[in-house]
**Q** 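This is the structure, below, for whatever I ask next.
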Amino acid sequence: MSKAANQPQYWLLKSEPETYPIEQFKKDKKTLWTGVRNFQARGFMIGTPSTPPKKAPAYEPMRVGDYFLFYHSNAEPSACMGIGRIEKLNQVDPTQFDKKSDSFEPKATKEKPVWFCCECSFVEQFSTAVSLDMIRNEKSLSKMLLLARGSRLSIQPVRQDEFETIRKMGRQK
DNA sequence: GCCAACGTTGGC
DNA sequence: GCCAACGTTGGC
């Protein structure tokens, strides 16, 4: 609880390359991280802990200035592709109003949106994609949530040392 | 508030 | 495409 409020925290955000690849993120420079439909992940992006329907572990929400690993899931291979930065919290996710979107939410109204997201900016793309295998083979990363069995959360907190280790691996040629 | 049924995620 | 693990829903 003594953590300095201005010190960035670190995250891992999953995106499927078929839906939103890092190349697109690089082009866009900024994007809304839309389509997340999980209460714990929503809580992270709203920026204040919200109460999930079931008991969930205590967590620190995102803050502006936090950094994240951009992870390609369902990819060949699945891998950390680069880094982004959290720019805005608690943004209304527009895809919930789009009937044609997979993320459409019939219960949502403009007055009472259900889903929120964050705005992120592109920071860098790694010269080397840091694959799941590489992560598994690095002992100091063995505690990562990503490696926990059945870990499906699409937004996960990452320790600073884990973030820095993966960044170093990604910058290697 | 329990829990079975159902839907989704994501590695393989 | 399979399927284990997990999250959400809804009946009671």
Side-chain angles (χ1 to χ4, degrees), chain A residues 10-26 31-62 66-84 86 89-109 111-118 120 125-126 128-159 162-163 165-167 169-170:
Chain A
Y10 301 91
W11 304 89
L12 181 148
L13 271 57
K14 296 180 188 172
S15 181
E16 299 194 18
E18 292 201 12
T19 308
Y20 192 77
I22 188 150
E23 290 77 13
Q24 189 61 45
F25 187 30
K26 190 174 186 176
T31 192
L32 287 176
W33 202 266
T34 57
V36 174
R37 297 294 179 265
N38 168 281
F39 289 104
Q40 190 173 357
R42 182 185 73 173
F44 289 146
M45 296 192 292
I46 286 176
T48 54
S50 62
T51 312
K54 279 203 174 176
K55 234 191 236 175
Y59 58 81
E60 290 284 324
M62 279 179 175
D66 287 354
Y67 290 95
F68 65 93
L69 299 164
F70 186 107
Y71 179 82
H72 276 170
S73 62
N74 273 318
E76 296 196 3
S78 293
C80 291
M81 305 302 291
I83 293 172
I86 307 301
L89 305 174
N90 205 22
Q91 305 296 297
V92 172
D93 180 342
T95 64
Q96 67 193 301
F97 306 121
D98 179 3
K99 277 195 176 153
K100 281 171 287 180
S101 167
D102 286 343
S103 304
F104 177 67
E105 169 59 67
K107 286 184 217 142
T109 63
E111 295 72 33
K112 271 212 147 199
V114 178
W115 298 107
F116 296 85
C117 59
C118 59
C120 321
Q125 180 171 7
F126 291 151
T128 300
V130 182
S131 69
L132 246 195
D133 266 354
M134 291 164 70
I135 294 171
R136 280 205 193 93
N137 289 331
E138 171 54 50
K139 255 210 172 122
S140 63
L141 299 177
S142 64
K143 293 275 172 58
M144 284 188 74
L145 251 188
L146 187 67
L147 300 183
R149 75 195 289 269
S151 177
R152 290 169 32 183
L153 195 56
S154 65
I155 298 183
Q156 309 182 351
V158 170
R159 296 197 321 232
E162 294 165 342
F163 180 89
T165 297
I166 289 182
R167 182 172 57 191
M169 292 163 81

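Order of the sequence lines fixes the chain letters, A, B, ..., with proteins taken first and strands second; residue numbering starts at 1 for each chain.
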**Q** Compare side-chain N and O positions of A:K14 against OP1 and OP2 of B:dG10 and report whether any pair is under 4.0 Å apart.
**A** yes
**Q** Using atom CZ of A:R42 as one end and atom C1' of C:dT8 as the other, report the distance to the nearest whole Å.
**A** 13 Å
**Q** Surrounding CG of A:N137 (heavy atoms of other residues, nucleotides or ligands, distance under 6.0 Å), is the total greater than 12?
**A** yes
**Q** Quickly work out the A:D133 CG to B:dG10 P distance and round it to whole Å.
**A** 18 Å
**Q** Looking at A:R37 and B:dT8, is any side-chain donor or acceptor paired with a base atom of the opposite kind under 3.5 Å?
**A** no
**Q** Relative to each other, are the rings of A:F25 and A:W33 parallel, tilted or perpendicular (30° and 60° limits)?
**A** perpendicular
**Q** When you check the phosphate oxygens OP1 and OP2 of B:dT9, does a side-chain N or O of A:Y71 lie under 4.0 Å from one of them?
**A** no
**Q** Using atom NE2 of A:H72 as one end and atom C1' of B:dG11 as the other, report the distance to the nearest whole Å.
**A** 16 Å
**Q** What is the distance from CG of A:L132 to C1' of B:dC12, rounded to the nearest Å?
**A** 11 Å
**Q** As a test of reading the structure: which of B:dC12, C:dT8, C:dA4 is closest to the side chain of A:R149, going by heavy atoms?
**A** C:dA4
**Q** How many whole angstroms separate atom CG of A:N74 from atom P of C:dG1?
**A** 14 Å
**Q** Name all residues meeting the salt bridge (Lys or Arg N to Asp or Glu O under 4.0 Å) criterion together with A:R152; count only those two or more places apart in sequence or in a different chain, and write none if there are none.
**A** none
**Q** Once you round it to whole Å, what is the distance between C1' of B:dG11 and CD of A:E76?
**A** 11 Å
**Q** Expressed as a whole number of angstroms, how long is the span from A:I155:CD1 to B:dG10:P?
**A** 11 Å
**Q** Out of curiosity, A:C118 SG to A:I46 CD1, how far, rounded to the nearest 0.5 Å?
**A** 11.0 Å
**Q** Expressed in angstrom and rounded to an integer, what is the separation of A:L147 atom CG from B:dC12 atom P?
**A** 10 Å
**Q** Under the 3.5 Å rule, do the base of C:dA5 and the side chain of A:R152 count as making a donor-acceptor pair?
**A** yes
**Q** Under the ring pair (Phe, Tyr, Trp, His ring centres under 6.0 Å) test against A:W11, which residue among A:Y67, A:F70, A:F68, A:F44 passes?
**A** A:F44
**Q** Taking the minimum atom-to-atom distance to the side chain of A:N38, which one of C:dT8, B:dG11, C:dT9 wins?
**A** C:dT8
